[in-house]
Participant: 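For reference, the structure I am asking about is given below.
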Amino acid sequence: LGRYQVTERDAAGELVPVGRRQAYVPVTYIEPLATNRAALGFDILSNPDRAVAIEAAIVTAQMRSTAPIDLVQESGKQKGMLTLLPIYDQNLVPFTVGERRKEIAGFAVGVYRLGDLVSQTYAGTSWAGVDIVLRDITAEAVPVQVGEHRAPLGDRPGDPRAEVFDVNGRTWQLV
């Protein structure tokens with residue numbers, strides 16, 4: 001397996017050993033390992049978008065998702081997302097935020113490749129002739145396209161329809 005090392009990205013985007021700081025949230029287990037090895041040991045707290053979701057999960061004691069991010073193990077250009085569920089010592093959710101900070105044991109994390117999620121969800125003949133664009137609009141001034149499904153050219157009757165919904169503390173729009 002090789003030696004386990006806690007890493008972060010440097011200014012050039014390269015994985016390097018972490019610097020010294022007060023707290024770390026490294027990836028200690030990931031499946032399947034063969035296709036995700038690059039993420040093993042990565043300190044998700046070292047990235048601001050991931051850190052925001054970590055803090056929100058601890059404070060609310062609820063599942064929270066990151067903004068669309070570049071996954072450490074991603075070889076393409078699609079965005080990803082982490083969904084974090086806080087796990088506390090004794091498996092009981094502490095009552096106060098201060099107690100939650102002291103008793104956090106780690107996180108159960110779901111990792112999603114968002115382009116694949118959209119393209120696989122809307123594959124098939126039932127979506128023929130339908131264009132779909134999914135965006136994270138949490139930061140209204142800077143929406144991020146999560147994924148899209150573009151139907152073959154043809155007639156597209158009707159006006160576009162938009163739905164807004166919550167994804168673990170993020171606001172997404174489906175058009």
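Predicted model, so just to flag it, every value in this text is computed and none were measured. The basis for the numbers below is simple: all heavy atoms, side chains too, and nothing from hydrogens, waters or symmetry mates.
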Participant: Mind checking whether Trp172 and Leu134 have side chains closer than 4.5 Å, heavy atoms only?
Facilitator: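 Side chain of Trp172 against side chain of Leu134, heavy atoms only: contact under 4.5 Å found.
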Participant: OG1 of Thr66 to CG of Asn47: how many Å apart, nearest 0.5 Å?
Facilitator: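 That separation rounds to 8.0 Å.
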Participant: Mind checking side chain to side chain contact (heavy atoms under 4.5 Å, CB included) for Asp43 and listing every partner two or more places apart, or none if nothing turns up?
Facilitator: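 Scan of Asp43 (side chain to side chain contact (heavy atoms under 4.5 Å, CB included), adjacent residues dropped) gives Val6, Val18, Arg21, Tyr24, Val25, Leu45, Ser46.
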Participant: Got a second to check how far Thr171's OG1 is from Asp166's CG, nearest 0.5 Å?
Facilitator: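 Spacing of OG1 (Thr171) from CG (Asp166) equals 6.0 Å.
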Participant: List for me each residue that meets side-chain hydrogen bond (donor to acceptor under 3.5 Å, both in side chains) alongside Arg135, sequence neighbours excluded, and say none if there are none.
Facilitator: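 Arg135 satisfies side-chain hydrogen bond (donor to acceptor under 3.5 Å, both in side chains) with Gln173 once adjacent residues are dropped.
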Participant: Show me the pairs that pass salt bridge (charged side-chain N to carboxylate O under 4.0 Å, His left out) and involve residues 53-64, at least two apart or across chains.
Facilitator: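 Pairs touching residues 53-64 that pass the test: Glu55-Arg101.
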Participant: Side chain to side chain contact (heavy atoms under 4.5 Å, CB included) with Thr96: which residues, sequence neighbours excluded?
Facilitator: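 Residues passing side chain to side chain contact (heavy atoms under 4.5 Å, CB included) with Thr96: Glu99.
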Participant: Output all residues satisfying side chain to side chain contact (heavy atoms under 4.5 Å, CB included) with Thr83, sequence neighbours left out; order by chain, then residue number.
Facilitator: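 With sequence neighbours excluded, Thr83 shows a side chain to side chain contact (heavy atoms under 4.5 Å, CB included) to Met63, Ser65, Met81, Tyr112, Asn168, given in chain and number order.
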Participant: If every non-hydrogen atom of Ala67 is compared with every non-hydrogen atom of Asp136, which pair is closest and at what distance?
Facilitator: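 Minimum heavy-atom contact is CA-OD2, 4.1 Å.
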Participant: Holding to side chain to side chain contact (heavy atoms under 4.5 Å, CB included), I want the full list of residues that pass it with Leu15, two or more places apart in sequence or in another chain.
Facilitator: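 For Leu15 the side chain to side chain contact (heavy atoms under 4.5 Å, CB included) partners, ignoring immediate neighbours, are Thr7, Arg9, Phe42, Val72.
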Participant: Assigning hydrophobic clusters by single linkage (Ile, Leu, Val, Met, Phe, Trp, Tyr; side-chain heavy-atom cutoff under 4.5 Å), is Ile137 placed with Val144?
Facilitator: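 The answer is no; the residues belong to distinct hydrophobic clusters.
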Participant: Work out which heavy atom in Val118 is nearest to a heavy atom in His149; give both atom names and the distance.
Facilitator: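 Looking at all heavy atoms of both residues, the closest pair is CG1-N, 4.2 Å.
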Participant: Tell me, with the steps shown, if Ile54 and Ile58 meet side chain to side chain contact (heavy atoms under 4.5 Å, CB included).
Facilitator: CA-CA 6 Å; Ile54 289 168; Ile58 292 170; 4.0 Å; yes
Participant: Ignoring hydrogens, what is the shortest heavy-atom contact between Pro26 and Tyr4? Give both atom names and the distance.
Facilitator: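 Heavy atoms of Pro26 and Tyr4 come nearest at CB-OH, 3.4 Å.
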Participant: Salt bridge (Lys or Arg N to Asp or Glu O under 4.0 Å) with Arg113: which residues, sequence neighbours excluded?
Facilitator: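 Listed in chain order: Glu74, Asp116.
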Participant: Which residues satisfy the salt bridge (Lys or Arg N to Asp or Glu O under 4.0 Å) test with Asp49, sequence neighbours excluded?
Facilitator: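 Here no residue qualifies.
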Participant: Tell me, do Thr28 and Leu40 make a side-chain contact under 4.5 Å, heavy atoms counted?
Facilitator: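 With C-beta onward as the side chain, the pair stays apart.
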Participant: Are there more than 12 heavy atoms of other residues, nucleotides or ligands under 6.0 Å from atom CZ of Phe165?
Facilitator: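 Yes, CZ of Phe165 has more than 12 neighbouring heavy atoms, counting only those of other groups under 6.0 Å.
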Participant: Got a sec, which residues hit ring pair (Phe, Tyr, Trp, His ring centres under 6.0 Å) with Tyr122, two or more places apart in sequence or on another chain?
Facilitator: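 By the ring pair (Phe, Tyr, Trp, His ring centres under 6.0 Å) rule, Tyr122 matches Trp127.
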Participant: Would you say that Arg100 contacts Val93 through its side chain, given a criterion of any heavy-atom pair below 4.5 Å between the two side chains?
Facilitator: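 Yes, their side chains come closer than 4.5 Å.
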Participant: Please answer: with hydrophobic residues joined when any side-chain heavy atoms are less than 4.5 Å apart, are Leu85 and Val27 in the same cluster?
Facilitator: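 Shared cluster, no.
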Participant: Going by the rule salt bridge (Lys or Arg N to Asp or Glu O under 4.0 Å), which residues pair with Glu163 if we only count those two or more places apart in sequence or in a different chain?
Facilitator: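 Once residues adjacent in sequence are excluded, the partners of Glu163 under the salt bridge (Lys or Arg N to Asp or Glu O under 4.0 Å) criterion are Arg161.
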Participant: Does the side chain to side chain contact (heavy atoms under 4.5 Å, CB included) test come out yes or no for Gln73 and Ile30, once each step is laid out?
Facilitator: CA-CA 11 Å; Gln73 66 272 41; Ile30 193 164; 4.1 Å; yes
Participant: Please assess Asn36 against Val111 for the test side chain to side chain contact (heavy atoms under 4.5 Å, CB included), listing each intermediate value before the final yes or no.
Facilitator: CA-CA 10 Å; Asn36 293 294; Val111 180; 5.7 Å; no
Participant: Check Gly19 against Glu8 and note the closest heavy-atom contact, atom names and distance.
Facilitator: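 Closest approach of Gly19 to Glu8: N-OE2, 3.0 Å.
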Participant: Roughly how far, to the nearest 0.5 Å, is CG of Leu82 from CG of Leu71?
Facilitator: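 Rounded to the nearest 0.5 Å, the CG-CG separation comes to 6.5 Å.
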Participant: Checking Asp70 now: which residues fulfil salt bridge (Lys or Arg N to Asp or Glu O under 4.0 Å) with it, not counting sequence neighbours?
Facilitator: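 Salt bridge (Lys or Arg N to Asp or Glu O under 4.0 Å) check on Asp70 returns Lys79.
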Participant: Is the number of heavy atoms from other residues, nucleotides or ligands within 6.0 Å of CD (Glu140) greater than 12?
Facilitator: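 No - once you tally the heavy atoms of other residues, nucleotides and ligands closer than 6.0 Å, there are 12 at most.
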Participant: Hey, any chance Val109 and Leu33 share a hydrophobic cluster, counting ILVMFWY side chains that come within less than 4.5 Å of each other, even indirectly?
Facilitator: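 Linked, Val109 and Leu33 end up in one cluster.
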Participant: Of all heavy-atom pairs between Ile87 and Ile104, which one has the smallest distance, and what is that distance?
Facilitator: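 So the minimum-distance heavy-atom pair works out to O-CD1, 3.5 Å.
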Participant: Going by side-chain heavy atoms closer than 4.5 Å, which hydrophobic residues are tied to Val97, directly or by a chain of links?
Facilitator: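 Reading the cluster by chain and number, Val97 sits alongside Val59.
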Participant: Might you point out which heavy atoms bring Pro32 and Thr35 nearest each other, and give the distance in Å?
Facilitator: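 Nearest heavy atoms, Pro32 then Thr35: CG-OG1, 3.4 Å.
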Participant: Kindly work out whether a path of hydrophobic side-chain contacts (I/L/V/M/F/W/Y, heavy atoms less than 4.5 Å apart) joins Leu174 to Val167.
Facilitator: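 Yes, Leu174 connects to Val167 through the hydrophobic network.
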